[in-house]
Amino acid sequence: MTLAMAATIPKTGPAEATGFGPVTRLKIRLVSLLGYWAIRLIGCTLRWQVEGAENLQSIYAAKKNVIYTFWHGRIFLGTYFFRNRGIVVMSGYNKDARTMARVIERFGFGIARGSSTRGAKRAVVTMLHEIRRNRDVAFSIDGPKGPRYVAKPGAVWIAAKSGAAIFPFHMSPERKWVINSWDQFHIPKPFSRVLVLMGAPIYVKQHADEKEFDQSQRILQNSLEDMLRRGDAYWLKQPPETDG
């Protein structure tokens with residue numbers, strides 16, 4: 001889907017913090033505003049090195065919708081890099097999910113309400129409906145609570161039902177802060193270089209049987225693991241930058 005098409009896509013719905021008290025709603029608004037400015041101010045200083053851009057272009061050329069898949073700990077980077085494309089992201093119902101939803105909406109993402117921990121089937125079906133409405137979707141594929149670096153099967157299921165292409169990618173900053181959380185959340189330091197690895201698209205045959213489904217799931221897991229290893233090892237092999 002092109003950027004011009006994405007610009008015409010309305011948001012799935014506002015990420016309002018309904019169901020919470022006034023103090024919690026105020027905290028969500030304040031924290032999401034801080035998160036937005038942190039991503040925006042740091043993101044504009046980053047220097048991106050992209051490998052494999054032809055893989056994403058091949059999906060566009062085939063006129064297929066895209067299922068973006070990446071590890072949960074790289075949400076900060078992915079939010080800025082893929083901003084303003086109308087990509088629809090699944091968001092849960094808890095306070096943290098509502099906060100993140102408000103952040104990413106400001107970067108031009110749509111929000112589909114659902115949770116892989118509260119009614120997983122319903123959440124995945126919601127994303128399938130978005131694909132059928134000609135919208136690209138994205139999964140932090142090991143979220144929302146892990147296990148870390150273990151891909152969940154939702155993306156493969158949607159690909160089999162819709163014909164959309166799974167697009168795995170990974171982002172590795174040269175310099176970063178790593179939060180002590182289940183996903184080892186990465187916050188790049190200002191002016192860092194960032195390696196963006198774009199994997200080969202994965203197509204799943206319609207009405208795939210269990211063996212074919214499992215094979216596609218292994219391909220996705222292996223692709224993401226390979227990019228994780230290559231990306232995070234890349235900067236260890238590069239000479240550090242010097243001033244001047």
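All values below come from the heavy atoms of this structure, side chains included, with hydrogens, waters and symmetry mates left out. Bear in mind the structure is a predicted one, so any value in this text is a computation, not a measurement.
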Hydrophobic cluster membership, with links at side-chain heavy-atom distances under 4.5 Å among I/L/V/M/F/W/Y: are [X] and [Y] in one?
{"X": "Val196", "Y": "Phe191", "value": "no"}
{"X": "Val178", "Y": "Trp182", "value": "no"}
{"X": "Ile28", "Y": "Leu34", "value": "no"}
{"X": "Met100", "Y": "Val31", "value": "no"}
{"X": "Leu41", "Y": "Leu30", "value": "no"}

Closest heavy-atom contact between [X] and [Y]?
{"X": "Ser162", "Y": "Leu128", "value": "CB-CD1, 3.8 Å"}
{"X": "Glu130", "Y": "Ala112", "value": "CG-CB, 4.3 Å"}
{"X": "Trp235", "Y": "Ser172", "value": "NE1-O, 2.8 Å"}
{"X": "Leu220", "Y": "Ile202", "value": "CA-CD1, 3.6 Å"}
{"X": "Ala155", "Y": "Ile166", "value": "O-CD1, 3.7 Å"}
{"X": "Gln184", "Y": "Arg148", "value": "NE2-NH2, 3.5 Å"}

Selection [range] - residue pairs positive for salt bridge (Lys or Arg N to Asp or Glu O under 4.0 Å), sequence neighbours left out:
{"range": "residues 163-183", "result": "Glu174-Arg193"}
{"range": "residues 197-212", "result": "Lys205-Glu212"}
{"range": "residues 41-63", "result": "Arg47-Glu241"}
{"range": "residues 66-78", "result": "Arg74-Asp232"}

Enumerate the side chain to side chain donor-acceptor pair (under 3.5 Å) contacts for residues 219-229, please, sequence neighbours excluded, ordered by first and then second residue.
Gln221-Glu225, Asp226-Arg230
Run the numbers on Leu33 and Arg29 for side chain to side chain contact (heavy atoms under 4.5 Å, CB included), then give the verdict.
CA-CA 6 Å; Leu33 187 62; Arg29 289 171 182 167; over 6 Å; no
Are [X] and [Y] packed together at the side-chain level, in the sense that at least one heavy-atom pair is separated by less than 4.5 angstrom?
{"X": "Tyr203", "Y": "Ile59", "result": "yes"}
{"X": "Ile131", "Y": "Ile67", "result": "yes"}
{"X": "Phe167", "Y": "Leu56", "result": "yes"}

Could you measure the distance from the [atom1] atom of [X] to the [atom2] atom of [Y]? Nearest 0.5 Å is fine.
{"X": "Ile104", "Y": "Phe82", "atom1": "CD1", "atom2": "CZ", "result": "14.0 Å"}
{"X": "Met198", "Y": "His170", "atom1": "CE", "atom2": "NE2", "result": "13.0 Å"}
{"X": "His72", "Y": "Ser181", "atom1": "NE2", "atom2": "OG", "result": "8.5 Å"}
{"X": "Ile187", "Y": "Ile75", "atom1": "CD1", "atom2": "CD1", "result": "11.5 Å"}

Among residues at least two apart in sequence or on other chains, which ones pass side-chain contact (heavy atoms from CB on, under 4.5 Å) with [X]?
{"X": "Leu46", "answer": "Ile42, Trp48, Leu77, Pro188, Ser192, Val194"}
{"X": "Ala138", "answer": "Tyr68, Phe70, Ile87, Val89"}
{"X": "Phe107", "answer": "Tyr36, Ile39, Arg40, Thr79, Tyr80, Arg83, Val103, Phe109"}
{"X": "Ala160", "answer": "Val204"}

Is there a donor-acceptor pair closer than 3.5 Å between any side-chain N or O of Lys152 and the backbone N or O of Gly146?
yes
Apply the test side chain to side chain contact (heavy atoms under 4.5 Å, CB included) to residues Phe169 and Val50: give CA-CA distance (whole Å), side-chain angles for both, the deciding distance (0.1 Å), then the verdict.
CA-CA 10 Å; Phe169 70 89; Val50 180; over 6 Å; no
Carboxylate-amine/guanidinium contact Arg102 Glu105, below 4.0 Å:
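No salt bridge links Arg102 with Glu105.
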According to ring pair (Phe, Tyr, Trp, His ring centres under 6.0 Å), does anything in residues 125-152 pair up with another residue at least two apart or in another chain? List the pairs.
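Non-adjacent pairs meeting ring pair (Phe, Tyr, Trp, His ring centres under 6.0 Å): Trp71-Tyr149.
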Kindly write out the residues that satisfy side chain to side chain donor-acceptor pair (under 3.5 Å) with Tyr234, not counting sequence neighbours, or none if the list is empty.
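Applying side chain to side chain donor-acceptor pair (under 3.5 Å) to Tyr234 gives Gln49.
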Side chain to side chain contact (heavy atoms under 4.5 Å, CB included), that's the test. Do Asn134 and Asn65 meet it? Break it down for me.
CA-CA 7 Å; Asn134 200 32; Asn65 285 101; 3.3 Å; yes
For Val150, the rest of its hydrophobic cluster, which grows through side-chain links under 4.5 angstrom:
none
Could you walk me through whether Leu195 and Met171 pass side chain to side chain contact (heavy atoms under 4.5 Å, CB included), step by step?
CA-CA 6 Å; Leu195 178 66; Met171 298 181 171; over 6 Å; no
